[in-house]
Number of protein chains: 2
Amino acid sequence: MSTFRLALVGFGNIGSGLVKHIIEKKDLLAQRAGVPIELTWIADKEFEKPRGVTPPTSAKLTTNWREAVTAANVDAVVELVGVGADGKPTLAADIARAALSAGKHFITANKGLIAAHGGELHELAAKNGVLLLFEASVGAGIPIISSLQTGLAPDRITAIHGIVNGTCNYILTQLDSDSSLTMQKAIADAQALGYAEPDPRFDVEGNDTAYKLVILASLAFGQELSVDDVSLDGITKLGPEEGAYAKANGLAVKLLASAAQLADGSASLVVGPAFIPATHVLAGVRDVFNAVLVEADPIGQTMYFGRGAGQGSTGSGLLADAIFAAKLQKAGSPDPQPLRIPRGMRKPADPNAVEHRFYIRVRTEGDSAKADQAAALIGGRKIGPGGATQAFLVERISLSALDKLLGKLSAAGFPDGAICKVRFALGTT
Amino acid sequence: MSTFRLALVGFGNIGSGLVKHIIEKKDLLAQRAGVPIELTWIADKEFEKPRGVTPPTSAKLTTNWREAVTAANVDAVVELVGVGADGKPTLAADIARAALSAGKHFITANKGLIAAHGGELHELAAKNGVLLLFEASVGAGIPIISSLQTGLAPDRITAIHGIVNGTCNYILTQLDSDSSLTMQKAIADAQALGYAEPDPRFDVEGNDTAYKLVILASLAFGQELSVDDVSLDGITKLGPEEGAYAKANGLAVKLLASAAQLADGSASLVVGPAFIPATHVLAGVRDVFNAVLVEADPIGQTMYFGRGAGQGSTGSGLLADAIFAAKLQKAGSPDPQPLRIPRGMRKPADPNAVEHRFYIRVRTEGDSAKADQAAALIGGRKIGPGGATQAFLVERISLSALDKLLGKLSAAGFPDGAICKVRFALGTT
């Protein structure tokens with residue numbers, strides 16, 4: 001093999017950044033991979049819109065992705081088509097299946113694809129003697145996937161805690177630094193800066209974080225987990241009360257994704273707002289940055305930090321995968337990665353078995369009867385003076401008991417939007 | 001190859017921890033490496049002292065390291081003999097040369113060895129078609145070396161900032177949380193807890209940190225740098241004034257190792273106390289933890305955090321290297337790592353070319369003539385009210401000008417121990 005040849009499917013923002021890096025870093029990439037990395041195909045729906053980069057002359061352009069993916073002069077396919085209007089990675093999955101079946105390595109930044117089809121695609125890759133690589137799907141270029149595969153290869157991973165959504169972390173950082181800011185305004189500001197989408201729900205309601213947690217936990221624990229296994233909550237219900245409580249108690253508020261492997265081997269997955277110690281290293285993860293903390297035996301705690309999105313970091317993640325595949329193709333090794341998502345092997349934890357300490361706050365609008373009713377239902381220790389809102393501490397509650405409790409509060413007339421729950425995590429007491 | 005066979009040279013604290021992990025994690029290691037990992041030899045000066053672990057029956061014990069290192073039933077040698085009484089890695093270098101020349105992969109946690117002989121040993125490894133691996137030499141098991149080799153393979157590394165000495169970081173964390181604590185007492189406390197050596201100088205004077213910086217910078221910038229290229233200062237001169245200045249200005253004090261690649265390709269290496277923003281993610285690295293921040297193009301900033309020492313984390317780093325070698329030996333690939341320390345290729349930066357902002361504090365014992373003299377020599381802006389000590393801010397000073405200035409202060413009768421300098425780093429203004 002004299003060059004390692006890539007087909008790019010999806011020539012949008014990230015794709016055009018990738019093309020730029022391949023052109024500008026040509027010599028460095030060749031030196032690091034041991035062979036030149038060349039773009040032989042680019043597929044997209046159209047090539048009319050300006051991309052800010054001229055594709056290299058080596059690349060054929062096509063509006064037929066299948067032609068690019070199955071071409072003889074392609075060693076690996078880089079897929080950047082994202083998900084469809086229905087939120088499903090149907091097209092991406094078709095591209096992945098076609099690429100792997102044609103004996104091409106498959107590289108993607110598509111979290112939705114890997115969270116939903118990781119097991120199937122790992123199986124298909126192994127069957128065809130090629131690699132499924134998705135460094136850029138979690139934390140963009142932060143080498144968390146390769147660290148799990150390489151640096152932590154001798155370790156049994158017991159828990160993962162991640163701040164993996166830059167939009168939410170930016171919003172929470174703004175709220176932390178300006179106590180007069182409302183959630184609504186913070187989201188609008190993030191939208192104005194391009195840090196939040198026009199429809200911000202996928203980020204602020206925690207779904208994006210849940211996808212990334214599913215990928216990390218599936219790989220780390222050797223299970224094919226799904227977003228349906230995640231106890232999910234977003235940040236939208238957080239108010240100034242939670243910021244004040246955090247400040248008064250030496251805590252920080254983060255949207256935290258936590259996965260733990262229980263003694264019976266089952267996996268517990270939780271995404272939601274969490275109080276963590278203000279002195280914890282994850283509390284220092286600010287603005288749009290991401291970080292993943294891994295607890296493993298024997299290494300103990302390690303943490304990986306970087307940008308969670310953007311042309312540069314995503315491009316680095318994609319090209320790290322390409323270099324890895326190029327080196328191993330050269331060496332003739334089909335599957336050098338110890339961790340994979342095993343199809344059909346799944347053991348989500350019993351939500352009755354997992355208990356957390358929770359802060360629960362309801363809006364009572366100063367109605368003391370409502371506060372008493374909430375107190376009776378929640379049964380926790382009242383904190384704060386009450387008033388328009390009343391918060392409670394529940395020392396130990398299982399995730400399923402918590403769901404039931406929220407149902408009761410809802411039935412008693414507390415609207416969902418008026419109830420905010422925050423998990424205590426990472427050694428908060 | 002039906003098993004991957006290790007010879008361990010040096011059966012001390014870290015060595016016995018490694019033996020324990022190999023026994024206890026046998027199945028996991030075999031699964032992750034694709035072949036069983038077996039200990040076939042253990043060499044040490046004696047086997048009388050209790051180690052808290054019984055070597056596996058597969059391992060032959062010998063007091064002749066050469067026998068173990070060159071035995072036919074050995075694929076890789078793990079060296080844990082450290083440095084000699086003179087501080088030099090003479091024995092370790094002999095072991096490394098014998099192992100690599102005999103066609104064995106060589107795995108070490110020995111920072112002194114790699115900082116002094118990395119170029120020579122990389123060359124010898126390449127010549128013999130085997131690997132030189134040293135994940136555990138910096139930040140124990142924190143996968144910083146494999147991240148440079150894998151996750152950051154597509155990136156041009158421009159700067160590195162590390163907190164890589166757990167002893168110093170523990171002491172600085174204690175000083176930060178108790179302003180009445182003296183440096184002397186903090187060092188004694190760390191000694192009592194086993195976090196500092198009976199002779200703490202190698203840690204608190206920054207030498208250990210300099211070795212680790214040399215390894216990271218040599219690998220990242222492709223140069224064979226040496227500890228002589230490091231502008232070196234320790235933490236012993238820090239006093240309560242610096243803690244108070246930091247608190248008043250939203251800063252934290254860290255022993256920071258910084259390497260930068262200048263525009264002309266030369267490398268600037270500095271180790272010494274630094275003020276960094278209290279909100280920076282590195283400020284959240286507390287107690288004995290280590291962290292390395294890497295700035296690279298196109299990925300931007302990434303950071304790696306974990307324990308810098310101990311049986312667990314060091315054992316994980318050594319075994320990650322063993323698994324890597326086992327996988328690649330199986331695949332028949334001799335040198336899959338893009339970064340190495342190129343023998344003889346070195347370009348340390350001109351110390352006149354590199355400027356930093358510095359805080360310089362002298363003890364004047366309330367003598368205003370001495371304070372005036374110091375002010376005239378230093379020429380910076382006075383900060384604080386003066387009194388027993390007087391501090392100055394120097395906006396831009398080159399490392400060589402700083403050396404000259406310190407010489408002048410010394411000649412003027414300010415004893416070295418009375419002068420404390422702290423670099424402003426990581427965006428402090």
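For clarity, every value in this text was computed on a predicted model and none was experimentally measured. Chain letters run A, B, ... following the sequence lines, proteins first and then strands; every chain starts at 1.
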Nearest heavy-atom contact between Arg32(B) and Leu152(A) is NH1-O, 3.7 Å

Comparing Ala153(A), Gly17(A), Ala278(A), Pro298(A) against chain B, the one with the most heavy-atom pairs below 4.5 Å turns out to be Pro298(A)

Distance col, row Phe305(B):CZ vs Phe305(A):CZ, nearest 0.5 angstrom, shows 12.5 Å

Correct closest heavy-atom pair for Gly151(A) and Ser316(B) would be O-OG, 4.0 Å

Chain B shares the most heavy-atom pairs under 4.5 Å, among Ile323(A), Thr279(A), Val285(A), with Thr279(A)

Turns out that what part of Gln301(B) lies under 4.5 Å from chain A's heavy atoms comes down to both

If one checks every heavy atom of Thr302(A) against chain B at 4.5 Å, the contacting part turns out to be both

Turns out that what part of Ala283(B) lies under 4.5 Å from chain A's heavy atoms comes down to neither

Residue from Pro143(B), Gly139(B), Gly310(B) scoring the most non-hydrogen pairs under 4.5 Å with chain A is Pro143(B)

Under 4.5 Å to a heavy atom of chain A? For Arg156(B) that would be both

The interface call for Leu339(B) against chain A, heavy-atom contacts under 4.5 Å, is side chain

One should read off an interatomic distance between Met303(B) CE and Met303(A) CE, to the nearest 0.5 angstrom, of 4.0 Å

Quiz item: Do Ile299(B) and Arg307(A) have side chains that get closer than 4.5 Å, going by heavy atoms?
Solution: no

Between Thr150(B) and Ser146(A) the two heavy atoms that sit nearest each other are CG2-CB, 4.2 Å

From the list Ile142(B), Leu29(B), Leu319(B), Asp155(B), the residue making the most non-hydrogen contacts under 4.5 Å with chain A is Asp155(B)

Under 4.5 Å to a heavy atom of chain A? For Ser313(B) that would be both

Most contact-rich option vs chain B, by heavy-atom pairs under 4.5 angstrom, among Gly312(A), Gly284(A), Gly317(A), is Gly312(A)

Residue pairs passing the side-chain hydrogen bond (donor to acceptor under 3.5 Å, both in side chains) test with at least one member in residues 17-31 of chain B, sequence neighbours excluded, are Asp297(A)-Lys25(B)

